[in-house]
Peer 1: 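Just dropping this structure here.
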Amino acid sequence: MESSSAICEIRPKLNAGERLSFDDGLFLYDHADLFTLGELANLVRERKNGNFTYYNVNTHLNPTNVCIYRCIFCAFRADLKSPKGYVMSDEQILERAGEAERRGATEMHIVGGLHHQLPYDWYLNVVRIIHDAFPRLHLKAYTAVEWHWFSELTSRPTRDILAEFKDAGLGSLPGGGAEIFHPEVRDKICEHKADADAWIRIHREAHELGLRSNATMLYGHIENSAHRIDHLIRLRELQDQTGGFQTFIPLAFHPDNTKLDHIKKASVLMDLRTMAVSRLMLDNFPHIKAYWIMLGIKTAQLALSFGADDIDGTVVHEKIYHDAGSDSPEELTVAELRHLIEETGRVPVERDTLYHEVEREEHAWKSGKPLSLARV
Ligand code: V47
Ligand code: SF4
């Protein structure tokens with residue numbers, strides 16, 4: 001598809017705070033030179049978030065990797081009878097949450113597979129037991145694909161299910177499961193799971209219930225730039241209606257151990273281009289995240305000058321990207337996160353999941369001891 005835009009038309013629009021069109025987005029992806037793209041994205045990034053770069057102290061929990069679906073980009077899932085498959089016990093889950101609390105974490109990021117046999121109550125119980133034992137941990141749990149599955153399991157509307165989980169301690173929704181919305185791609189990479197309309201509807205319902213959420217886009221596989229711009233515009237339209245999204249996270253496809261292992265991982269140039277175009281198209285998203293686990297530390301640092309203002313958190317126990325070949329560490333200490341942000345000339349700010357600034361005892365992260373409880 002040929003674009004009818006040009007940089008001499010796009011720059012004045014951005015200077016005036018005007019919205020970019022589909023054609024503008026396509027031009028930026030396919031023709032703009034990288035440094036101009038970076039300059040423009042940085043302008044918007046600094047207009048929205050100044051020189052700050054946000055991080056949090058978090059941990060990941062994947063309660064099961066057994067999954068009924070077979071998305072062809074996924075190296076994390078396991079078959080029901082596979083030796084790789086696992087289901088965590090309540091004790092293991094609570095041990096992880098206790099470890100997170102002792103490390104001073106403010107957030108648990110919980111996503112997993114859709115197990116062939118586990119009932120709805122098992123997933124609800126994960127949130128309930130953690131929240132009851134550790135009410136200070138914010139639980140950012142389950143993707144729209146999982147909420148859609150819970151609805152299939154129970155024949156209940158997703159809105160009621162979200163409300164029940166909110167009562168049990170759910171704090172917000174992560175952005176996963178979005179992949180690429182366009183059916184030309186979605187039908188090939190994950191045809192059975194929740195479609196684009198379901199993903200959008202579930203996030204709308206969450207926002208209407210007062211739950212904030214994130215959004216993602218999986219790039220660097222079989223999609224093209226028109227599919228990516230279409231994806232970003234669908235997210236922008238929902239955000240216009242609800243204002244419930246906090247952060248957009250572009251996710252680069254990692255091919256190892258997947259059915260698409262013949263595809264080469266996206267280049268650093270593509271990572272930076274995607275970050276910048278996302279920042280420019282999503283004019284109503286407050287934050288863009290350079291997820292260091294997915295990008296690697298060096299590219300994540302560069303991304304802070306290409307539109308990103310958030311770097312995710314300490315993480316710990318990451319499986320989805322490590323199963324698919326990521327060579328990032330699984331954990332960074334707060335001192336390391338702050339250092340990598342400061343090296344880029346930005347000011348690190350610890351945030352909680354809802355972007356409130358977190359205060360710690362002064363320089364607590366330098367001591368190397370576990371962080372004390374946070375004051376938000
Ligand atoms: O939905 C799976 C992606 C997502 C691969 O909300 C892959 O703060 C690349 O959504 N290569 C889950 N990507 C992770 C996710 C996320 C991560 C960090 C922060 C937040 C947040 C959300 O991971 C899945 C899928 O799009 N994924 N396999 C792969 N081989
Ligand atoms: Fe299952 Fe999620 Fe992997 Fe798809 S991406 S196979 S739904 S775990």
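Remember, it's 1-based here, ligands and their atoms both numbered in the order they're listed.
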Peer 1: Measure Ile249 to ligand 1 on non-hydrogen atoms and call it side chain, backbone, both or neither using the 4.0 Å cut-off.
Peer 2: side chain
Peer 1: Ion pair present between Lys289 and Asp312, side-chain N to carboxylate O less than 4.0 angstrom?
Peer 2: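 Looking at Lys289 and Asp312, the cut-off is met.
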Peer 1: Where is the nearest protein heavy atom to atom 2 (Fe) of ligand 2: which residue, which atom, and how far?
Peer 2: Lys193 NZ, 4.5 Å
Peer 1: Which of the atoms of ligand 1 are close to Asn214, meaning less than 4.0 Å from one of its heavy atoms?
Peer 2: 6 (O), 8 (O), 21 (C)
Peer 1: Is Val268 linked to Trp292 within one hydrophobic cluster, defined over Ile, Leu, Val, Met, Phe, Trp and Tyr using a side-chain heavy-atom separation of less than 4.5 Å?
Peer 2: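 Different clusters.
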Peer 1: Could you identify the single nearest non-hydrogen protein atom to atom 7 (C) of ligand 1 and state the distance to 0.1 Å?
Peer 2: Tyr321 OH, 3.6 Å
Peer 1: Backbone, side chain, both or neither: what part of Met294 comes under 4.0 angstrom of ligand 1, heavy atoms only?
Peer 2: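 The answer is neither.
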Peer 1: Check each of Glu179, Lys289, Lys265, His287 against atom 26 (O) of ligand 1 and report the one with the nearest heavy atom.
Peer 2: Glu179
Peer 1: State whether the shortest distance between N or O atoms of Ala178 and N or O atoms of ligand 1 falls below 3.5 angstrom.
Peer 2: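 Looking only at distances, the answer is no, because the N/O contact criterion of under 3.5 Å is not met.
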Peer 1: Tell me which protein heavy atom sits closest to atom 17 (C) of ligand 1, plus the residue, atom name and distance to 0.1 Å.
Peer 2: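 Ranking protein heavy atoms by distance from atom 17 (C) of ligand 1, first comes Tyr291 CE2, 3.7 Å.
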Peer 1: Among His254, His109, Gln246, which one puts a heavy atom closest to atom 16 (C) of ligand 1?
Peer 2: His109
Peer 1: Strictly under 4.0 Å, does any heavy atom of Phe76 approach an atom of ligand 1?
Peer 2: no
Peer 1: Nearest protein heavy atom to atom 1 (Fe) of ligand 2, by residue and atom, and its distance?
Peer 2: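 Checked against all protein heavy atoms, atom 1 (Fe) of ligand 2 sits closest to Cys67 SG, 2.3 Å.
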Peer 1: Kindly say whether the aromatic ring centers of Trp149 and Tyr123 come within a distance under 6.0 Å.
Peer 2: no
Peer 1: With heavy atoms under 4.0 Å as the rule, classify the contact between Ile320 and ligand 1 as side chain, backbone, both or neither.
Peer 2: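 Side chain only; the backbone of Ile320 stays clear of ligand 1.
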Peer 1: Between Thr258 and ligand 1, does any nitrogen or oxygen pair lie at a separation below 3.5 Å?
Peer 2: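 In this structure, Thr258 places no N or O atom under 3.5 Å from an N or O of ligand 1.
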Peer 1: Under 4.0 Å, heavy atoms only, figure out whether ligand 2 is touched by the backbone of Cys71, its side chain, both or neither.
Peer 2: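 For Cys71, the contact with ligand 2 is made by both the backbone and the side chain.
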Peer 1: Quick one: sort the Trp147 and Phe150 rings into parallel, tilted or perpendicular, breaks at 30° and 60°.
Peer 2: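 Perpendicular, since the angle between the ring planes exceeds 60°.
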Peer 1: Just to confirm my output: which protein heavy-atom neighbour is closest to atom 10 (O) of ligand 1, and how far is it?
Peer 2: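 Among all protein heavy atoms, the one nearest atom 10 (O) of ligand 1 is Gly176 CA, 2.9 Å.
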Peer 1: In the protein, what heavy atom is nearest to atom 6 (O) of ligand 1, and what distance, to one decimal place, separates them?
Peer 2: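 Residue, atom and distance for the closest contact: Gly175 N, 2.8 Å.
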Peer 1: Hey, what's the ring geometry for Phe27 with His31, parallel, tilted or perpendicular (30° and 60° as the breaks)?
Peer 2: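 Phe27 vs His31 ring planes: tilted.
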Peer 1: Using the side-chain hydrogen bond (donor to acceptor under 3.5 Å, both in side chains) rule, pick out the option among Asp271, Thr274, Asn224 that qualifies with Tyr219.
Peer 2: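 Of the listed residues Asp271, Thr274, Asn224, the side-chain hydrogen bond (donor to acceptor under 3.5 Å, both in side chains) partner of Tyr219 is Asp271.
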Peer 1: With heavy atoms of Thr216 as the reference, note each atom of ligand 1 found under 4.0 Å away.
Peer 2: 10 (O)
Peer 1: Please work out, at 4.0 Å between heavy atoms, whether the side chain, the backbone, both, or neither of Phe253 comes within that distance of ligand 1.
Peer 2: both
Peer 1: Which heavy atom of the protein is the closest neighbour of atom 8 (O) of ligand 1, given with residue, atom name and distance?
Peer 2: Lys140 NZ, 2.6 Å
Peer 1: Among side-chain atoms of His182 and Glu223, is any donor-acceptor pair under 3.5 angstrom?
Peer 2: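 Side chains of His182 and Glu223: no pair found under 3.5 Å.
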Peer 1: Take the angle between the ring planes of Tyr120 and Phe165 and call it parallel below 30°, perpendicular above 60°, tilted in between.
Peer 2: perpendicular
Peer 1: Out of all atoms in ligand 1, which are within 4.0 Å of some heavy atom of Pro174? Include the element for each.
Peer 2: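 The atoms of ligand 1 under 4.0 Å from a heavy atom of Pro174 are 6 (O).
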Peer 1: For His221 and Val185, run side-chain contact (heavy atoms from CB on, under 4.5 Å): C-alpha distance rounded to whole Å, both residues' side-chain angles, the deciding distance at 0.1 Å, then the answer.
Peer 2: CA-CA 9 Å; His221 44 96; Val185 176; 3.8 Å; yes
Peer 1: Between Ser225 and Asp30, is any side-chain donor less than 3.5 angstrom from a side-chain acceptor?
Peer 2: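 There is such a pair (donor and acceptor under 3.5 Å, judged by atom type) between the side chains of Ser225 and Asp30.
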Peer 1: Provide the number and element of each atom of ligand 1 under 4.0 Å from a heavy atom of Leu218.
Peer 2: 7 (C), 9 (C), 13 (N)
Peer 1: Of the side chain and backbone of Ala252, name the one, both, or neither that has a heavy atom under 4.0 Å from an atom of ligand 1.
Peer 2: backbone
Peer 1: Taking 4.0 Å as the limit for heavy-atom contacts, which would you say applies to Ala324 with ligand 1: side chain only, backbone only, both, or neither?
Peer 2: side chain
Peer 1: Under the salt bridge (charged side-chain N to carboxylate O under 4.0 Å, His left out) criterion, do Arg77 and Asp79 qualify, and how do the steps go?
Peer 2: CA-CA 7 Å; Arg77 73 167 297 282; Asp79 285 328; 2.8 Å; yes
Peer 1: Verify whether one side chain among Arg338 and Tyr55 offers a donor that lies under 3.5 Å from an acceptor in the other.
Peer 2: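 Yes, side-chain donor-acceptor contact under 3.5 Å.
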Peer 1: Does a salt bridge link Glu179 with Lys188, judged by any charged N lying under 4.0 Å from a carboxylate O?
Peer 2: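 No, no charged N to carboxylate O under 4.0 Å.
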Peer 1: Measure the distance from atom 30 (N) of ligand 1 to every protein heavy atom, then report the residue, atom name and distance (to 0.1 Å) of the closest one.
Peer 2: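 Of the protein heavy atoms, Phe73 O, 2.7 Å lies nearest.
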Peer 1: Test Asp24 against Lys13 for salt bridge (charged side-chain N to carboxylate O under 4.0 Å, His left out), laying out the working first.
Peer 2: CA-CA 10 Å; Asp24 294 335; Lys13 277 194 187 178; 2.6 Å; yes
Peer 1: Is any side-chain heavy atom of Arg228 closer than 4.5 Å to one of Pro250?
Peer 2: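 A side-chain contact under 4.5 Å is absent here.
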Peer 1: For Arg77, counting its heavy atoms only, list the atoms of ligand 2 lying under 4.0 Å from any of them.
Peer 2: 6 (S)
Peer 1: Strictly under 2.8 Å, is atom 3 (Fe) of ligand 2 approached by any N, O or S atom of Cys74?
Peer 2: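 Coordinating: yes.
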Peer 1: Under a 4.0 angstrom heavy-atom cut-off, which atoms of ligand 1 come close to Gly177?
Peer 2: 1 (O)
Peer 1: In terms of atom number and element, which parts of ligand 2 are under 4.0 angstrom from non-hydrogen atoms of Tyr69?
Peer 2: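 Here the atoms of ligand 2 in question are 6 (S), 7 (S).
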Peer 1: Exactly one of Arg234, Arg204, Arg19 should register a salt bridge (charged side-chain N to carboxylate O under 4.0 Å, His left out) with Asp240. Which one does?
Peer 2: Arg19
Peer 1: Can you check salt bridge (charged side-chain N to carboxylate O under 4.0 Å, His left out) on Arg201 and Glu208, steps first, answer last?
Peer 2: CA-CA 10 Å; Arg201 173 180 52 76; Glu208 286 168 0; over 6 Å; no
Peer 1: Taking a cutoff of less than 4.0 Å between a non-hydrogen atom of the residue and any ligand atom, is Leu251 in contact with ligand 1?
Peer 2: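 A heavy atom of Leu251 does come that close to ligand 1.
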